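To start, the structure under review is shown below, and the notes come after it.
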Amino acid sequence: MGIVSPGFRGRRRDESVELPPGQYLTEDFPVLSIGPTPRVSTETWEFTVTAEDGTVHQWNWEEFLELPSETPTVDIHCVTKWSKLGTRWRGVSVDTLLEDVDTAADYVVAHSYDGYTTNLPLEDLLDGRAWVAYEFDGDALEPEHGGPARLLVPHLYFWKSAKWVHNLELTLSDEPGFWEAGGYHNYGDPWREQRYQGD
Ligand SMILES: Nc1nc2c(c(=O)[nH]1)N[C@H]1C(S)=C(S)[C@@H](COP(=O)(O)O)O[C@H]1N2
Ligand SMILES: [Mo]
């Protein structure tokens, strides 16, 4: 099954490419981080899902690599207006990560090793729309781009794709993350140009 977002029908590089409003195309892969890149060794890396009752589901690196992976090819859109088309990843879908998790939560806060947080509706992470990705373009994900592993939620602005993701916290109420508390839009749909609060 191909992952295809609106306006993208293969690796087109011509003017007929349809981008979300206000975006421009880039072939580069800019790095945008709030602080220094945390160096997380796969020896100590762990990933957890915490349900609202406190139940913790945990994987170390070895266990994580044993989970079934997928290779989505997706377009990504940064709120600073660059878009990159047809990016290739490998990762574990959030559906897989939540398979054995019993929850009534409607929201998720992603927590990262650098202290970054971002909030999302749980349903936006389900049905093959989000991954915890550990390869980019066939190689191990570079630390600058979130390696060992990052959240990948391509249908929302890229600030929702938490780099160095460490924990997905399932919550009953919606709790704004780092940028959301700082004036960015709570949801961040690039096709509706939801950059800032009030958009
Ligand atoms: N942990 C963490 N995740 C993060 C950020 C960050 O500073 N820390 N920046 C966000 C922002 S604003 C963007 S646009 C993308 C940038 O990802 P890139 O550096 O791989 O392009 O990561 C997002 N995820
Ligand atoms: Mo961003």
Side-chain angles (χ1 to χ4, degrees), residues 5 19-42 44-50 61 64 71-92 94 97 107-121 124-125 129-169 175-197 199:
S5 60
L19 290 174
Q23 297 294 112
Y24 66 86
L25 263 187
T26 181
E27 297 288 331
D28 304 333
F29 196 173
V31 172
L32 286 132
S33 307
I34 55 169
T37 294
R39 301 287 160 169
V40 187
S41 158
T42 53
T44 53
W45 181 89
E46 60 179 34
F47 177 76
T48 53
V49 172
T50 316
W61 187 248
F64 202 80
T71 53
T73 296
V74 295
D75 303 343
I76 53 181
H77 311 290
C78 177
V79 73
T80 63
K81 302 199 168 179
W82 56 266
S83 289
K84 194 169 167 58
L85 303 186
T87 62
R88 296 169 49 234
W89 305 79
R90 177 182 297 277
V92 178
V94 176
L97 296 169
Y107 303 96
V108 176
V109 180
H111 297 263
S112 295
Y113 275 102
D114 63 341
Y116 185 85
T117 57
T118 187
N119 59 306
L120 309 104
D124 281 81
L125 297 184
R129 292 199 292 167
W131 298 265
V132 172
Y134 53 85
E135 280 180 21
F136 174 76
D137 223 5
D139 294 316
L141 182 60
E142 287 183 24
E144 287 71 19
H145 288 297
R150 77 180 297 163
L151 193 60
L152 175 65
V153 193
H155 70 284
L156 299 177
Y157 280 124
F158 209 36
W159 87 77
K160 297 284 185 180
S161 293
K163 303 198 277 189
W164 316 293
V165 69
H166 182 39
N167 168 245
L168 294 182
E169 178 194 5
E175 296 164 18
F178 179 83
W179 286 119
E180 293 84 359
Y184 279 47
H185 197 276
N186 192 57
Y187 184 63
D189 179 352
W191 296 94
R192 287 186 278 168
E193 207 168 0
Q194 295 172 334
R195 299 178 193 276
Y196 307 107
Q197 266 165 43
D199 284 351

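When a ligand or atom number is given, it counts from 1 through the structure's own listing order. Keep in mind the model is a prediction, meaning the values are calculated, not measured.
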Numbering as shown, the atoms of ligand 1 that approach [X] to under 4.0 Å (heavy-atom distance):
| X | value |
| --- | --- |
| Trp164 | 1 (N), 2 (C), 8 (N) |
| Trp82 | 21 (O) |
| Cys78 | 14 (S) |
| Ser161 | 22 (O), 23 (C), 24 (N) |
| Ala162 | 3 (N), 24 (N) |
| Phe29 | 20 (O), 21 (O) |
| Ser112 | 1 (N) |
| Pro30 | 18 (P), 19 (O), 21 (O) |

Checking side chain to side chain contact (heavy atoms under 4.5 Å, CB included) against Val94, which of Val153, Leu125, Leu152, Asp124 comes through?
Leu125

Is it true that [X] and [Y] have ring centroids separated by less than 6.0 Å?
| X | Y | result |
| --- | --- | --- |
| Tyr113 | His166 | yes |
| Tyr157 | Tyr184 | no |
| Phe64 | Trp45 | yes |

Which heavy atom of the protein is the closest neighbour of [atom], given with residue, atom name and distance?
| atom | answer |
| --- | --- |
| atom 9 (N) of ligand 1 | Leu32 O, 3.1 Å |
| atom 6 (C) of ligand 1 | Tyr116 CD1, 3.5 Å |
| atom 7 (O) of ligand 1 | Ile34 N, 2.7 Å |
| atom 11 (C) of ligand 1 | Trp159 CA, 3.6 Å |
| atom 8 (N) of ligand 1 | Asp114 OD2, 2.8 Å |

Could you tell me whether the side chain of Phe158 reaches within less than 4.5 Å of the side chain of Trp82, counting heavy atoms only?
yes

Within-4.5 Å side-chain heavy-atom neighbours: Arg150 and His145
yes

Can you check which of Phe178, Trp179, Phe158 brings a heavy atom nearest to atom 13 (C) of ligand 1?
Phe158

Taking all atoms of both residues into account, what is the closest heavy-atom pair of [X] and [Y], and its distance?
| X | Y | result |
| --- | --- | --- |
| Pro143 | Trp164 | O-NE1, 2.8 Å |
| Val165 | Ser112 | CA-OG, 3.8 Å |
| Tyr187 | Gln194 | CD2-OE1, 3.2 Å |

Would you kindly say whether Trp61 and Glu46 are connected by a side-chain donor-acceptor distance under 3.5 Å?
no

Are His111 and Thr117 linked by a side-chain donor-acceptor pair shorter than 3.5 Å?
no

Between Lys163 and ligand 1, does any nitrogen or oxygen pair lie at a separation below 3.5 Å?
yes

Backbone or side chain, does any N or O of Ser33 fall under 3.5 Å from an N or O of ligand 1?
no

Looking only at heavy atoms, is any part of [X] under 4.0 Å from ligand 1, and if so is it the side chain, the backbone, or both, or is it neither?
| X | value |
| --- | --- |
| Arg150 | side chain |
| Tyr184 | neither |
| Tyr157 | neither |

Would you indicate whether Glu144, at its atom CD, is surrounded by more than 12 heavy atoms from other residues, nucleotides or ligands within a distance under 6.0 Å?
yes

